[in-house]
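Notes follow the structure.
Just so you know, these numbers come straight off a predicted model, no measurement behind them.
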Amino acid sequence: DVSNEFFGLFLDPEMVYSSAYFQDDDTTLEEAQVAKLDMICRRLRLKPGEHLLDIGCGWGALICHAVLNYGVTVHGVTLSQAQFDFVTAKLARLGIADKVTLELKDYRAIEGKELYDAVSQIEMFEHLGLDNHDRHFLHVHNLLKTRGRYLHQASVRRATRDLSKFRQQTSYMKFITTCIFPGGELDHIGLTITNLERLGFEVHDVENWREHFSRTCRCWAERLWANREAAIAEVGVSRTRLWLAYFAMTTLGFHRGPILVYQTLATKRRSGRSGLPWTRRDLYA
């Protein structure tokens with residue numbers, strides 16, 4: 001419910017609205033977001049000629065990176081008309097519209113079986129709610145080819161000692177779900193992995209990016225603060241203050257550890273070789 005122009009006041013030029021991946025203390029946000037896009041493609045082991053589905057494709061940064069650098073074709077879906085229009089213009093400008101099927105569509109309405117070599121879900125999952133997680137994983141499993149790869153990047157809450165109380169909202173979560181992400185609900189990383197295994201996946205990689213997201217949110221907060229006059233002109237004083245408060249809270253939340261973010265790689269399970277390399281040297285070379 002805010003404009004592309006508002007997001008442009010604090011995001012990097014590629015408009016990536018998810019955790020960046022910093023290489024060291026001197027890495028800029030722009031560099032870290034490109035590094036994140038490349039890590040997604042490398043972790044998925046994308047190869048020329050393969051077909052990737054990007055669920056919740058945002059402003060198209062991953063779509064464009066995967067097409068231009070890894071030679072894949074991509075199906076991107078979004079529920080945002082503003083994002084759809086932005087990506088459509090970007091694909092035309094880059095001359096890669098023939099490599100991408102872009103739809104203004106709920107990904108759960110995609111029909112067919114074993115359509116994709118790989119599926120990416122980058123921080124859309126938080127919006128689904130815990131009661132919809134089985135449906136999500138089963139649908140992704142159905143869309144993937146045998147031994148297809150699924151990259152799941154999502155924020156989670158730290159598990160409670162008594163898991164029966166996990167769904168009780170903290171004051172922090174009440175603020176987020178009331179003011180920023182209505183209906184949003186976070187699982188914990190143990191539940192993510194359990195559900196993947198329950199529903200036909202084999203989990204291979206689980207990497208904690210908590211500190212990366214804390215720094216990402218700090219960068220966004222600093223940029224929005226520096227551009228606060230333009231933000232006020234675009235969305236008003238109250239909404240600008242709300243977003244500044246949100247970024248301050250998430251910066252501290254990821255710093256302190258009650259919320260975390262993980263990048264998890266799974267494959268559509270089958271006995272025998274998974275098709276992945278024996279080691280992960282290629283990811284960190």
Side-chain angles (χ1 to χ4, degrees), residues 14 16 18-24 27 31-57 61-76 99-100 113-125 136-156 189-213 260-285:
E14 295 301 314
V16 185
S18 53
S19 177
Y21 190 56
F22 294 88
Q23 305 304 295
D24 53 43
T27 305
E31 293 168 337
Q33 290 293 13
V34 172
K36 185 267 293 295
L37 298 175
D38 207 57
M39 176 57 82
I40 293 168
C41 295
R42 285 187 287 130
R43 201 181 291 278
L44 281 169
R45 273 49 180 220
L46 296 180
K47 298 183 289 292
E50 291 191 326
H51 198 190
L52 168 69
L53 169 65
D54 187 24
I55 297 173
C57 64
L62 178 58
I63 287 176
C64 296
H65 190 86
V67 170
L68 292 171
N69 295 282
Y70 289 84
V72 299
T73 58
V74 183
H75 183 187
K99 302 293 184 182
V100 177
K113 291 185 177 182
E114 300 190 356
L115 301 176
Y116 306 101
D117 300 284
V119 173
S120 55
Q121 177 286 125
I122 311 301
E123 296 178 27
M124 178 284 300
F125 190 70
H136 169 85
F137 289 125
L138 287 169
H139 188 49
V140 171
H141 186 272
N142 187 59
L143 294 174
L144 277 171
K145 297 177 182 178
T146 300
R147 297 194 180 91
R149 290 92 63 199
Y150 172 51
L151 192 288
H152 180 92
Q153 182 172 317
S155 296
V156 300
I189 187 59
L191 184 57
T192 303
I193 294 170
T194 297
N195 284 335
L196 283 165
E197 288 196 334
R198 284 178 51 239
L199 300 169
F201 291 89
E202 180 179 4
V203 177
H204 298 276
D205 300 335
V206 182
E207 186 171 5
N208 183 354
W209 285 17
R210 174 185 65 82
E211 293 170 272
H212 295 270
F213 213 170
L260 311 93
V261 63
Y262 287 89
Q263 192 173 92
T264 303
L265 178 72
T267 56
K268 187 171 181 176
R269 187 171 64 231
R270 187 170 181 178
S271 60
R273 288 294 307 277
S274 68
L276 297 177
W278 287 103
T279 75
R280 298 297 178 263
R281 283 194 296 266
D282 60 312
L283 293 182
Y284 303 108

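- The minimum heavy-atom distance linking H204 with S274 is given by the pair CE1-CB, 3.6 Å.
- A donor-acceptor pair under 3.5 Å links the side-chain atoms of Q23 to the main chain of Y21, judged by distance alone.
- Here the options are L276, T267, L196, the test is side chain to side chain contact (heavy atoms under 4.5 Å, CB included), and the partner is E202; only T267 passes.
- The two atoms that bring S120 and L62 nearest to each other are OG-CD2, 3.4 Å, heavy atoms only.
- With sequence neighbours excluded, no residue forms a side chain to side chain donor-acceptor pair (under 3.5 Å) with H141.
- In this view, P48 satisfies the side chain to side chain contact (heavy atoms under 4.5 Å, CB included) rule with no residue, not counting sequence neighbours.
- Between the CD1 atom in I122 and the OG atom in S19 there is a gap of 10.5 Å [rounded to 0.5 Å].
- Qualifying side chain to side chain contact (heavy atoms under 4.5 Å, CB included) partners for L138, counting only residues two or more places apart in sequence or in other chains: L199.
- A salt bridge (Lys or Arg N to Asp or Glu O under 4.0 Å) check over residues 266-275, counting only residues at least two apart or in different chains, returns the pairs E114-K268.
- Here Y116 and Y150 keep their ring centres 6.0 angstrom or further from each other.
- For D282, the side chain to side chain contact (heavy atoms under 4.5 Å, CB included) partners two or more places apart in sequence, or in a different chain, are R45, P277.
- Distance alone, capped at 3.5 Å, is enough to place a donor-acceptor pair between the H212 side chain and the F22 backbone.
- For the pair Q33 (side chain) and A35 (backbone), a donor-acceptor distance under 3.5 Å is absent.
- Minimum heavy-atom separation, A20 to W209: O-CE3, 3.9 Å.
- N69 places none of its side-chain heavy atoms less than 4.5 Å from the side chain of C41.
- When all heavy atoms are compared, the tightest approach of C57 to I63 is CB-CD1, 3.7 Å.
- Remark: E50 engages R149 in a salt bridge, criterion side-chain N to carboxylate O under 4.0 Å.
- The minimum heavy-atom distance between L44 and A118, with the atom names listed, is CD2-CB, 4.0 Å.
- Side-chain N or O atoms of D117 include one that pairs as donor or acceptor with a backbone N or O of H51 at under 3.5 Å.
- L68 contributes atom CG, which lies 11.5 Å from atom CG of L37 (distance to the nearest 0.5 angstrom).
- Closest approach of T192 and F137 over heavy atoms only: O-CZ, 4.5 Å.
- Interatomic distance, OG1 of T264 versus CZ of F201, reported as 12.0 Å (0.5 Å rounding).
- Residues passing the side chain to side chain contact (heavy atoms under 4.5 Å, CB included) test with D38 are R42, H65, Y70, sequence neighbours excluded.
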